[in-house]
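Notes follow once the structure below has been shown.
Both backbone and side-chain heavy atoms feed into the values below; hydrogens, waters and symmetry mates do not. Just so it is clear: chains get the letters A, B, ... in the order the sequence lines come, proteins before strands, and each one is counted from 1.
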Amino acid sequence: MKIATYNVNGVNGRLPVLLKWLKEEKPDVVCLQELKAPQDKFPEAEILEAGYKSVWLGQKSWNGVAVLSKKSEPIISRKSLPGDDSDEASRYLEVKIDDLIICCIYLPNGNPVPGPKFDYKMQWFERLQAHAEMLITSRKKVLLIGDFNVMPTEKDVYKPEKFAKDALFLPEVRDAFHDLIGQGWTDALRHLHPDETIYTFWDYFRNAYQRNAGLRIDHFLLSPEVLPQLKKAGVDKEVRGWEKSSDHAPVWIELE
DNA sequence: ATGTCGCCTCGCAGGCGA
């Protein structure tokens with residue numbers, strides 16, 4: 001079973017690229033982030049035509065998350081993180097697909113630092129930690145998947161010193177990520193490729209992709225009940241080089 | 001500071017978020 005995550009940066013503007021990638025790679029389940037489309041503008045019919053049932057959480061202009069599934073229908077169990085009823089951003093969608101709980105995550109970027117956006121990121125992180133603790137305690141097969149907007153270590157940044165004061169790499173942000181991992185989650189890509197340089201995002205600026213000036217910010221965190229099934233993991237890096245590509249590449253894992 | 005995208009609007013250019 002192949003599960004993928006892809007920050008599309010506009011699901012409608014990206015539709016030809018998304019459909020081409022789905023056709024080539026045929027993932028069983030896909031988490032999408034940054035739909036940048038209101039609820040009624042999600043391209044459900046085109047994606048269904050490509051062989052995927054989908055559930056989604058839209059929002060005008062910003063954010064937006066979706067889960068696509070080829071075989072079993074995704075059943076929504078949560079449309080937001082607990083802990084702040086005033087948070088209207090579409091950033092969290094939790095579904096059941098067979099015996100798996102799939103949590104599709106679009107963690108706030110947090111720049112500029114300091115400021116309200118960074119405060120929001122840290123609050124969102126705390127809410128994620130609290131909910132993740134509950135999920136991992138359930139002993140079910142849970143996967144936290146998506147754009148975490150965090151480079152966990154120096155190995156995950158092309159030039160760490162350049163990002164020392166960035167909301168994606170500040171020590172307190174990395175600490176929050178490592179505290180989350182500390183609950184018992186496994187970073188699937190790093191687990192299978194401990195020493196490799198792996199990037200999932202390349203800025204549109206300054207030919208970042210051509211220079212391989214990338215970041216690893218899209219992650220799969222597996223609960224202990226899923227980990228024994230993990231067989232492979234990788235990044236579809238070439239997709240980032242396609243015409244009209246997102247600034248992220250699709251990332252995937254294979255479960256037995 | 002800048003670069004480049006995608007989406008939106010008291011819209012066809014400029015602001016915002018990333």
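For the pair A:Asp247 and A:Val11, both in contact range of DNA chain B, the more 5′-proximal nearest nucleotide belongs to A:Val11. Along DNA chain B, the nucleotide closest to A:Phe205 and the one closest to A:Gly10 are compared, and the more 5′ of them pairs with A:Phe205.
Applying the salt bridge (Lys or Arg N to Asp or Glu O under 4.0 Å) test to every pair with at least one member in residues 86-100 of chain A, sequence neighbours left out, gives these pairs: A:Asp87-A:Arg127, A:Asp99-A:Lys141. The stretch residues 247-256 of chain A participates, sequence neighbours left out, in these side chain to side chain donor-acceptor pair (under 3.5 Å) pairs: A:Asn7-A:His248, A:Asp218-A:His248, A:Asp236-A:Trp252. Under the salt bridge (Lys or Arg N to Asp or Glu O under 4.0 Å) criterion, the residue pairs touching residues 61-82 of chain A are A:Asp28-A:Lys71, with sequence neighbours excluded.
Of the candidates B:dC8, B:dA18, B:dC5, B:dA18 carries the atom nearest the A:Asn109 side chain, counting heavy atoms from C-beta on. Of the candidate nucleotides B:dC8, B:dT4, B:dG6, B:dC8 has the atom nearest to the side chain of A:Ser61. Nearest to the side chain of A:Lys36, among B:dA18, B:dC8, B:dG6, sits B:dG6.
For the pair A:Tyr120 OH and B:dG17 P, the interatomic distance rounds to 13 Å; values are reported in whole Å. Taking atom CH2 on A:Trp202 and atom C1' on B:dC5, their separation rounds to 17 Å, with Å as the unit. In this structure, A:Glu243 places its CD atom 16 Å from P of B:dT4, rounding to the nearest Å. The CZ-C1' distance, from A:Arg14 to B:dA18, rounds to 12 Å in whole Å. Regarding A:Leu35, its CG atom lies at a distance of 13 Å from the C1' atom of B:dC7, rounded to whole Å. One interatomic measurement links the two molecules: CG of A:Asn12 to C1' of B:dC5, which rounds to 16 Å at whole-angstrom precision. In this entry the distance linking OH of A:Tyr106 with P of B:dG17 reads 12 Å, nearest Å. Per the geometry, OH belonging to A:Tyr204 stands 13 Å off P belonging to B:dT4, to the nearest Å.
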Between N or O atoms, less than 3.5 Å apart, protein on one side and nucleotides 9-16 of chain B on the other: list the pairs.
{"from": "B:dT9", "atom 1": "OP1", "to": "A:Lys60", "atom 2": "NZ", "distance (Å)": "3.1"}

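Hydrophobic clustering, defined by side-chain heavy atoms of Ile, Leu, Val, Met, Phe, Trp and Tyr closer than 4.5 Å, groups A:Trp21 together with A:Tyr6, A:Val8, A:Val11, A:Leu15, A:Val17, A:Leu18, A:Leu19, A:Leu22, A:Val30, A:Leu32, A:Leu35, A:Phe42, A:Ile47, A:Tyr52, A:Trp56, A:Leu68, A:Val239, A:Trp242.
Partners of A:Ser245 by side-chain contact (heavy atoms from CB on, under 4.5 Å), not counting sequence neighbours, listed by chain and number: A:Arg240. Checked against side chain to side chain donor-acceptor pair (under 3.5 Å), A:Lys140 has no partners two or more places apart in sequence or in another chain. Residues meeting the side chain to side chain donor-acceptor pair (under 3.5 Å) test with A:Asn9, sequence neighbours left out: A:Lys36, A:Tyr204. By the side-chain contact (heavy atoms from CB on, under 4.5 Å) test, A:Gln59 pairs with A:Trp62, A:Asn63, A:Ala89, A:Ser90, sequence neighbours left out.
Atom P of B:dG14 sits at a distance of 15 Å from the matching atom of B:dT2, rounded to the whole Å. Between B:dC10 and B:dG6, the two P atoms lie 23 Å apart (nearest whole Å). Comparing B:dC7 with B:dG11, their C1' atoms are spaced 13 Å from each other, to the whole Å.
Taking the side chain as every heavy atom from C-beta outward, A:Ile217 and A:Asn149 approach each other to under 4.5 Å. Residues A:Leu222 and A:Trp185 fail the side-chain proximity criterion, which asks for heavy atoms closer than 4.5 Å. Within the 4.5 Å cutoff, the side chain of A:Arg216 has heavy atoms near those of the A:Arg190 side chain.
Residues from residues 158-170 of chain A lying near DNA chain B, meaning a heavy-atom separation below 4.0 Å, are absent.
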Can I get a per-line list of side-chain donor-acceptor pairs under 3.5 Å for residues 172-179 of chain A, giving both atom names and the distance, sequence neighbours left out?
{"from": "A:Arg174", "atom 1": "NE", "to": "A:Phe169", "atom 2": "O", "distance (Å)": "2.8"}
{"from": "A:Arg174", "atom 1": "NH2", "to": "A:Phe169", "atom 2": "O", "distance (Å)": "3.2"}
{"from": "A:His178", "atom 1": "ND1", "to": "A:Arg174", "atom 2": "O", "distance (Å)": "2.8"}
{"from": "A:His178", "atom 1": "NE2", "to": "A:Pro152", "atom 2": "O", "distance (Å)": "3.1"}

Q | Secondary-structure notation, DNA chain B, from Watson-Crick and G-U pairs under 3.5 angstrom (| other strand) | A | ...((((((...))))))
